[in-house]
Amino acid sequence: MSDTVEAVPMFERLGGAVVIDRLVEAFYRRMDTLAEAEGIRAMHADDLSQTKHVLKRYLTEWTGGPKLYSVEKGHPRLRQRHMGFAIGNGERDAWLLCMRGALEETVADAAARDEVYGAMAKLADWMRNTAGNPHDTAGHAARP
Ligand code: HEM
């Protein structure tokens with residue numbers, strides 16, 4: 001009975017490499033087609049193949065699968081890598097809308113889906129870099 005659900009890495013619970021692949025495809029398909037995602041789609045390159053490749057490798061590693069991202073790109077420094085894009089509540093919500101739908105489409109295990117979505121929502125919150133994100137002003141004097 002030591003084989004608890006918690007002992008199984010999220011990567012396996014989601015369905016492994018095949019499902020991560022489908023998830024990222026479904027995510028960018030939504031970003032390409034949903035009206036709510038037009039703004040964040042415009043931040044990305046026209047050709048999404050490289051972006052898909054990187055997100056697949058990142059999510060593989062982040063969920064406890066093989067460390068495919070850091071061998072190519074080093075430490076994620078994800079917030080820093082997003083600084084070139086203005087991300088506020090609207091951009092976060094659009095990103096999460098695409099991800100929620102993609103998870104529902106591709107991940108069969110509802111508990112795994114909700115757990116990974118919760119963790120992504122926290123990351124997406126943290127990625128905000130326009131006025132209103134407490135991370136930007138922490139430790140600094142407030143500016144008008
Ligand atoms: C909150 C809203 C977000 C927006 C608007 C956003 C937007 C972007 C954009 C425009 C890029 C550059 C893509 C390109 O070069 O074509 C990017 C890269 C990336 N994003 Fe996001 N992102 C968001 C949240 C997230 C979250 C929550 C994650 C992780 C779960 C994530 C993971 C990544 C990764 C891994 C890359 C590639 C970084 C690299 O080059 O190493 N993003 N994002």
Side-chain angles (χ1 to χ4, degrees), residues 1-140:
M1 296 300 258
S2 62
D3 211 5
T4 60
V5 170
E6 286 73 30
V8 180
M10 180 54 82
F11 179 71
E12 305 297 343
R13 290 173 63 201
L14 292 175
V18 170
V19 171
I20 298 273
D21 198 82
R22 286 188 197 140
L23 173 67
V24 170
E25 294 294 331
F27 171 72
Y28 284 114
R29 180 158 33 79
R30 280 172 173 73
M31 200 189 281
D32 247 346
T33 51
L34 293 182
E36 295 93 325
E38 240 175 76
I40 61 169
R41 176 64 183 90
M43 295 175 177
H44 292 73
D46 286 350
D47 178 359
L48 289 171
S49 42
Q50 186 56 23
T51 313
K52 286 179 185 175
H53 170 84
V54 177
L55 190 59
K56 284 173 190 175
R57 293 171 83 91
Y58 176 82
L59 291 179
T60 297
E61 182 162 345
W62 185 64
T63 55
K67 296 195 188 310
L68 303 180
Y69 177 90
S70 48
V71 291
E72 259 182 14
K73 313 219 35 158
H75 191 281
R77 299 179 298 114
L78 218 49
R79 187 155 193 273
Q80 209 170 317
R81 289 191 202 265
H82 284 77
M83 277 302 183
F85 311 103
I87 301 179
N89 291 340
E91 289 74 21
R92 173 203 59 192
D93 292 347
W95 195 99
L96 288 172
L97 178 72
C98 297
M99 188 49 83
R100 179 86 232 173
L103 284 165
E104 271 159 21
E105 180 184 322
T106 58
V107 175
D109 180 335
R113 194 162 67 208
D114 289 350
E115 216 176 293
V116 85
Y117 179 80
M120 279 171 171
K122 279 193 192 143
L123 251 184
D125 255 349
W126 179 69
M127 222 67 86
R128 287 174 300 160
N129 52 29
T130 59
N133 182 357
H135 292 284
D136 285 337
T137 49
H140 301 288

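All values reported here derive from a predicted model rather than from experimental measurement.
- E61 places a side-chain N or O within donor-acceptor distance of the main-chain N or O of S70, the cut-off being under 3.5 Å.
- Here the shortest heavy-atom pairing between R113 and A108 reads NH1-O, 3.9 Å.
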Criterion side chain to side chain contact (heavy atoms under 4.5 Å, CB included) on Y28 and L55, from CA distance to verdict:
CA-CA 10 Å; Y28 284 114; L55 190 59; 3.6 Å; yes
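- Taking each heavy atom of R128 and D125 in turn, the nearest pair found is NE-O, 2.9 Å.
- Atoms SG and CG, on C98 and D93 in that order, are 11.0 Å from each other to the nearest 0.5 Å.
- Taking the ring centroids of F11 and W62, they lie at or beyond the 6.0 Å cut-off.
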Next item on the list: Given side chain to side chain contact (heavy atoms under 4.5 Å, CB included), test Y69 with L59 step by step and report yes or no.
Entry: CA-CA 8 Å; Y69 177 90; L59 291 179; over 6 Å; no
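- Distance check: R100 CZ to M120 CE gives 11.0 Å after rounding to the nearest 0.5 Å.
- Judged by distance alone, with hydrogens and angles left aside, the side-chain atoms of R81 form a donor-acceptor pair with the main-chain N or O of P76 at under 3.5 Å.
- The existence of a salt bridge linking K52 and D47 is excluded, since no basic side-chain nitrogen approaches an acidic carboxylate oxygen closer than 4.0 Å.
- Residue Q80 holds its CD atom at 10.0 Å from NE2 of H75, rounded to the nearest 0.5 Å.
- Shortest non-hydrogen contact noted between T106 and A26 is CG2-CB, 4.0 Å.
- In this structure a side-chain-to-backbone donor-acceptor pair under 3.5 Å is present from R79 to W126.
- Judged by distance alone, with hydrogens and angles left aside, the side-chain atoms of R57 form no donor-acceptor pair with the main-chain N or O of V54 at under 3.5 Å.
- Distance check: L96 CG to E91 CD gives 11.5 Å after rounding to the nearest 0.5 Å.
- Note on ring orientation: taking the six-membered ring where Trp is involved, the planes of H44 and F85 are parallel (angle under 30°, cut-offs 30° and 60°).
- The nearest pair of heavy atoms linking R13 to D109 is O-CB, 3.9 Å.
- Note that CG of L23 is 10.0 Å distant from CD of E25, once rounded to the nearest 0.5 Å.
- Proximity of a side-chain donor or acceptor of R30 to a complementary backbone N or O of A37 within less than 3.5 Å is not detected.
- For T130 against G88, the heavy-atom pair with the smallest separation is OG1-CA, 3.2 Å.
- Inter-residue side-chain proximity for T60 and P66 is flagged as met; some heavy-atom pair is nearer than 4.5 Å.
- Using modelled atom types and a 3.5 Å distance limit, the side chains of E72 and H53 yield a donor-acceptor pair.
- The CG atom of L97 lies 12.5 Å from the CZ atom of R92; values are rounded to the nearest 0.5 Å.
- When atom types are taken as modelled, the side chain of R41 and the backbone of D46 share a donor-acceptor pair closer than 3.5 angstrom.
- Judged purely by atom type and a 3.5 angstrom limit, D21 has no side-chain atom pairing as donor or acceptor with the backbone of K56.
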_Using side chain to side chain contact (heavy atoms under 4.5 Å, CB included), reason through T51 and V24 one step at a time and then give a plain yes or no._
CA-CA 10 Å; T51 313; V24 170; over 6 Å; no
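- Other residues, nucleotides and ligands place no more than 12 heavy atoms under 6.0 Å from the CD atom of E38.
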